[in-house]
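Below is one structure, written out as C-alpha cells; the observations come after it.
For the numbers below, each heavy atom of this structure counts, side chains included, while hydrogens, waters and symmetry mates do not. Convention: sequence-line order gives letters A, B, ...; per-chain numbering from 1.
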Amino acid sequence: MPENEQSDLIQQREKKLQAIVDLGFEAYPRKYDVTHAIPQIVTENSPLSAEQLAANKISVRVAGRVMTMRPHGKAGFAHLAGGGKRLQIYVRLDAVGERDFELYKLLDLGDLIGVEGYLFRTRTGELTIHAEHLQFLAKAMLPLPEKWHGLTDVEIRYRQRYLDLMVNEEVRTVFERRGKLVRAVRDFLEAEGYLEVETPMMQPLAGGAMARPFITHHNALDIDLYLRIAPELYLKRLIVGGLDRVYEINRNFRNEGISTRHNPEFTMLEFYQAYADYHDMIALTERLLRRVAEAVLGSVEFDYGDQRISFAKFEQITMKDAVLKYWPSEVEALTPAQLDDAQAMADRIPGLNQWLIQRGVAPIPADAGHDKRSGELLALFFETVAEERLIQPTFIVDYPLEVSPLSKQKPENPNFVERFELYIGGMEIANAFSELNDPEEQRNRFQYQQNLREKGDLTAHAIDEDYIRALSFGMPPTGGEGIGIDRLVMLLTNCRSIRDVILFPLLRPEKHIE
RNA sequence: GGGCCGGUAGCUCAAUGGUAGAGCACUGCCCUUUUAAGGCAGGGGUUCUGGGUUCGAAUCCCAGCCGGCUCACCA
C-alpha cells in the first residue's frame, strides 16, 4: 500500500525505534539465544501449579512477537506469540530496571522481543514469565490487523499470507497438516520400497495429461519449452530403465481456469510400480490414504463441510453403473446397453440440459451429441450427473478408451480400459491405470489424440516419439497413479477452497504497490 | 469469459439523498497481577476510480478497476 497513507504511523514508529536505539539497544540485532520455544514452555509447564512454579523458580529465555499489551503504570503485561502459541509476560519496573522498562513502554504490537525471567502463575492462574530482562529484536513499522476480528479480507489474506499466519491461528494449523501429510506420504512410499525422483519441469512436449500448458523459451538453445502438465511419461521412462518403484511429489502447471478447486500450479503425487496393475493401485491407495489420515488427524474419519467422511471403507463402482445410479429421474432413463450407443446418449442431451439449467448449471454444448463417440459421452455424463454426488471415497472403474490414451485395455472389452479415478467429497482425488506398454498401440492412441488436436482440441495429447521409443525397449506391466495433494489437504483440513491450502495462490498482480 | 454479491479510518464495520461515525489500533496523561484491562483527553477520511442525475451523493444512474462466490474449461 502507498506509504503516504500510513506515513503518520510509520513516522511514529520510526521515532520510537530511534528512542529504543537511544536507550542503548541495537535496532536490528543479529541473534538471541533462547532456552525454550514458546510451545515447549506452555506444554511442559501447564501441569504445574502456582506453588510448584514458585518453589522451583524455572528460568527461561524466549523470543516472540508482541501480540497484546496491557500496561499498568509501573508494570504491565504482554502476550508473545511464537511457534503457534502465546505466552504472557509480566514486566515490572522494579524487576527489569529503568532501561528495560522504558523499552517496554516503547514497544508496539508486532514488535519482536526476547524475554528472560522465571515462570509463575498470575492471580487468574495464567502461566506467565516474570521478566527480569528484555531484549529488543526487531520493530514492526506497519501496524498489525485488528486484534478481535483478525484479518478476514481474503484478498489481503492471500496476498500478504505473513499477516494471515500471524493473526489467524487456524491458518498455521492448515499448513502444519499439509507438511505432515506430505511427510506421511513419503514415509509410506519409502516403506513400500519406492524411490523418490525428480523429472523435468520444463519439457519439449507437455505430455502425460490432457490440459493446456504454459510455454516458455530457452535462449541459449533457442527452443520453446513447456512447463509440465504431468511427470507421467518421464516416470514411466524410469520404469523402462529398471527403477521398478518410483514416485515424485512436485508441481504441475496447467494453463486453465482458476477456481476454488484449481490453481495454475498445483502439487501432484505420481507413483509407478512395475509388475502391478490397477487393482494393486486400488489396494495401495486405500492403505496410503488411511495411513495419511492417521498421521495428520489421528483418525480415518473427519468432517468435510456438513459431511462426515470415512476412509474406513472405499466404494467401487463402474462408470456406467455410476451414471445409471445417479441419472436424474426427471430425464428419460437409459438402459445399460444404451450407454454404448452414441445416438441414444445424444438423444438424452436436450432433456439432461433442461435438468441442468433448472439447477442453475450450465448445459452441455449443443454440438456434443454430433461428433462425440459413446465413450466420450459416457465420461461427460458421468461428470455431469455423478461426480459431485460421490462424497464417501469411491473408486470409479472401467473408463472408456477414448478418454484414456495411456491406459491398457480391458481384455474382455477393448472399448474400456483398466483405469480408475477416486472421488471423495465430490472431488477427483486420484487417477490411476494399468499402464499401456504396447508401443504400437501407444502410437495408435497418440494418433487418435493427434486427430482431435487437429480438429482444435488444444488439450489432446501430443505424439511423443521418444516415449514410444522407450516403450519399444520393453516396459514391464506397470500400475501407475496420480494423487492431487492440494485437494487431499483440502479434505483433511476441511477447507472449501484450494487457495486456503496453498500458501501463495496465484492472484492477479497487485496494482498500486510501490 | 458469463451471472450474483461486495469495495467507507491501519483493522472490523455503521451511516439508504441532508454536518461521514463506533470499537479496536494510534498519540498524551493516570494506574505495580491484567487479559477484549480500565479512566480522562486527542489525532486520523480523495467513502475504489471517472463521469452523470440532484439545491445537495458514501447513498441513485453509467462506465471502469479490484475482490469473493458461482458457472464454463480443468485436476
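- Atom P of B:A9 sits at a distance of 16 Å from the matching atom of B:G50, rounded to the whole Å.
- Using a 4.0 Å heavy-atom criterion, one finds that A:Thr459 contacts no nucleic acid atom at all.
- To the nearest whole angstrom, the two P atoms, one in B:A58 and one in B:C40, are 33 Å apart.
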I'd like a table of donor-acceptor pairs (distance under 3.5 Å, sequence neighbours excluded) in which one partner is a side-chain atom from residues 382-391 of chain A, with atom names and distances.
| unit_1 | atom_1 | unit_2 | atom_2 | d |
| --- | --- | --- | --- | --- |
| A:Thr384 | OG1 | A:Leu380 | O | 2.7 |
| A:Glu388 | OE2 | A:Arg359 | NH2 | 3.0 |

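- The separation of B:C31 from B:G39, taken at their C1' atoms, amounts to 9 Å, rounded to a whole angstrom.
- Here B:U34 sits opposite no nucleotide as a Watson-Crick or G-U wobble pair (both hydrogen-bonding atom distances under 3.5 Å).
- Residue contacts shown for A:Arg487 include a base, since a base heavy atom lies under 4.0 Å away.
- Looking at residues two or more places apart in sequence or on another chain, you find a side chain to side chain donor-acceptor pair (under 3.5 Å) between A:Gln450 and A:Glu454.
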For nucleotides 2-8 of chain B, tabulate all protein N/O to nucleotide N/O atom pairs closer than 3.5 Å, reporting atom names and distance.
none

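- For A:Tyr399 and A:Phe416, the distance between ring centers is not under 6.0 angstrom.
- Put simply, CG on A:Asn255 is 14 Å from C1' on B:A75, counting in whole angstrom units.
- Rounded to a whole Å, the CD atom of A:Glu146 is 15 Å from the P atom of B:A22.
- Distance, A:Met69 CE to B:C24 P: 16 Å, rounded to whole Å.
- Partners of A:Lys455 by side-chain contact (heavy atoms from CB on, under 4.5 Å), not counting sequence neighbours: none found.
- Rounded to a whole angstrom, the distance from the P atom of B:U19 to that of B:U59 is 14 Å.
- Across the protein-nucleic acid pair, A:Asp164 atom CG and B:G67 atom C1' stand 15 Å apart, rounded to whole Å.
- Using a 4.0 Å heavy-atom cutoff across all strands shown, A:Asp457 reaches no nucleic acid atom at all.
- For B:C11, the paired base is B:G23 (Watson-Crick or G-U wobble, both distances below 3.5 Å).
- Remark: A:Asp22 engages A:Gln18 in a side chain to side chain donor-acceptor pair (under 3.5 Å) (not counting sequence neighbours).
- In this structure, A:His149 atom NE2 and B:C24 atom C1' are separated by 8 Å, rounded to whole Å.
- Per the geometry, CG belonging to A:Asp153 stands 13 Å off C1' belonging to B:G10, to the nearest Å.
- Taking 4.5 Å as the limit, every side-chain heavy atom of A:Arg261 sits out of range of all side-chain heavy atoms of A:Ile498.
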When every nucleotide of nucleotides 26-34 of chain B is labelled 5' to 3' by its protein contacts under 4.0 Å (heavy atoms), B for base, S for sugar-phosphate only, - for none, what sequence of letters results? SS---BBBB

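- Residue A:Gly257 is in base contact, counting any heavy-atom pair closer than 4.0 Å across all strands shown.
- The distance from atom OH of A:Tyr158 to atom P of B:G67 is 13 Å, rounded to the nearest whole Å.
- Ion pairing between A:Lys74 and A:Asp94 fails under the 4.0 Å rule for side-chain N and carboxylate O.
- B:C66 and B:C48: their C1' atoms are spaced 8 Å apart (whole Å).
- Within the 4.0 Å cut-off from OP1 or OP2 of B:U70, at least one side-chain nitrogen or oxygen of A:Thr260 is found.
- Between A:Pro363 and A:Glu265, the one whose closest nucleotide on RNA chain B sits nearer the 5' end is A:Pro363.
- Within the structure, every side-chain polar atom (N or O) of A:Lys147 is placed at least 4.0 Å from both OP1 and OP2 of B:C11.
- At a threshold of 4.0 angstrom between heavy atoms, the contacts of A:Met210 are confined to the sugar-phosphate backbone, with no base atom among them.
- Pair check for B:G67 finds B:C5; Watson-Crick or G-U wobble, both atom distances under 3.5 Å.
- To the nearest whole angstrom, the two C1' atoms, one in B:G67 and one in B:U8, are 16 Å apart.
- Side chains of A:Gln88 and A:Arg70: a donor-acceptor N/O pair is present below 3.5 angstrom, by distance only.
- Looking at A:Arg228 and A:Asn250, their side chains never bring a donor and an acceptor atom within 3.5 Å of each other.
- A donor and an acceptor atom, one from each side chain of A:Glu248 and A:Thr199, are located under 3.5 Å apart.
- Residues A:Phe77 and A:Tyr90 bring their aromatic ring centres within 6.0 Å.
- If you take atom C1' in B:U54 and the same atom in B:G42, they sit 37 Å apart, rounded to whole Å.
- For the C1' atoms, the distance from B:A14 to B:A72 is 38 Å, rounded to whole Å.
- Atoms CZ (A:Arg251) and P (B:A75) sit 19 Å apart, rounded to a whole Å.
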